[in-house]
Amino acid sequence: MTRSISSNYPIDREELLRIRQIKLLTSDRDYVFFALQIDYPGKLNPTIDVSVFCERWDLDDGDFYKALGELRKKGIVASIANSLNLQFQPS
């Protein structure tokens, strides 16, 4: 008989910052992806105040935009509008 053990490992802001600080997560692309999931769970097209987001997550604006570009190339972000209304691809 196969028994399934369910466990949860919540990633919240503090945990994601800790993971990045100890360099287990070094890609800005991945870091921004997880930060967006934490700040905008379940939203397909959040409106983001870039300066507030970057300050909250200790990012430079340029690194944020570069990460968004990489997420777009991966098909995670469908479009990046001028006002930063992101549209995530449905999974």
Side-chain angles (χ1 to χ4, degrees):
M1 173 195 292
T2 303
R3 197 169 76 169
S4 175
I5 298 174
S6 177
S7 63
N8 293 321
Y9 183 77
I11 300 282
D12 58 11
R13 180 178 178 272
E14 290 75 26
E15 181 66 1
L16 186 56
L17 288 169
R18 185 185 75 79
I19 289 169
R20 187 173 191 227
Q21 181 182 18
I22 61 175
K23 302 198 185 307
L24 289 175
L25 182 64
T26 58
S27 162
D28 285 336
R29 179 200 67 205
D30 298 344
Y31 180 66
V32 167
F33 173 78
F34 287 120
L36 288 168
Q37 299 306 308
I38 290 168
D39 280 359
Y40 306 99
K43 289 196 175 187
L44 290 178
N45 48 348
T47 300
I48 298 172
D49 182 327
V50 175
S51 61
V52 170
F53 183 87
C54 288
E55 184 176 323
R56 173 173 159 74
W57 291 101
D58 194 26
L59 280 168
D60 292 329
D61 288 5
D63 292 336
F64 174 76
Y65 285 111
K66 182 180 177 192
L68 286 182
E70 291 175 13
L71 289 171
R72 186 172 185 208
K73 287 179 186 175
K74 292 280 186 186
I76 304 296
V77 175
S79 65
I80 304 170
N82 290 339
S83 63
L84 259 175
N85 291 322
L86 295 182
Q87 294 179 5
F88 292 107
Q89 292 284 53
S91 49

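- With sequence neighbours left out, the side chain to side chain contact (heavy atoms under 4.5 Å, CB included) criterion links Asp12 to Glu14, Glu15.
- Considering Leu71, Val32, Leu68 as possible partners of Ile76, the one that fulfils the side chain to side chain contact (heavy atoms under 4.5 Å, CB included) test is Leu71.
- Atoms CG and NZ, on Asp60 and Lys66 in that order, are 12.0 Å from each other to the nearest 0.5 Å.
- Under the salt bridge (Lys or Arg N to Asp or Glu O under 4.0 Å) criterion, the residue pairs touching residues 28-38 are Arg20-Asp28, with sequence neighbours excluded.
- Arg56 is linked by a side chain to side chain donor-acceptor pair (under 3.5 Å) to Asp39, counting only residues two or more places apart in sequence or in another chain.
- The CG atom of Leu25 sits 6.5 Å away from atom CG of Leu16, with the distance rounded to the nearest 0.5 Å.
- Residues Tyr40 and Val52 are members of separate hydrophobic clusters, defined by side-chain heavy-atom contacts under 4.5 angstrom among Ile, Leu, Val, Met, Phe, Trp and Tyr.
- Residues Tyr31 and Leu59 form a side-chain contact, since some pair of their non-hydrogen atoms from C-beta on lies under 4.5 Å apart.
- Residues Asp61 and Phe53 form no side-chain contact, since every pair of their non-hydrogen atoms from C-beta on lies 4.5 Å or further apart.
- A heavy-atom distance below 4.5 Å is not found between the side chains of Phe34 and Ile19.
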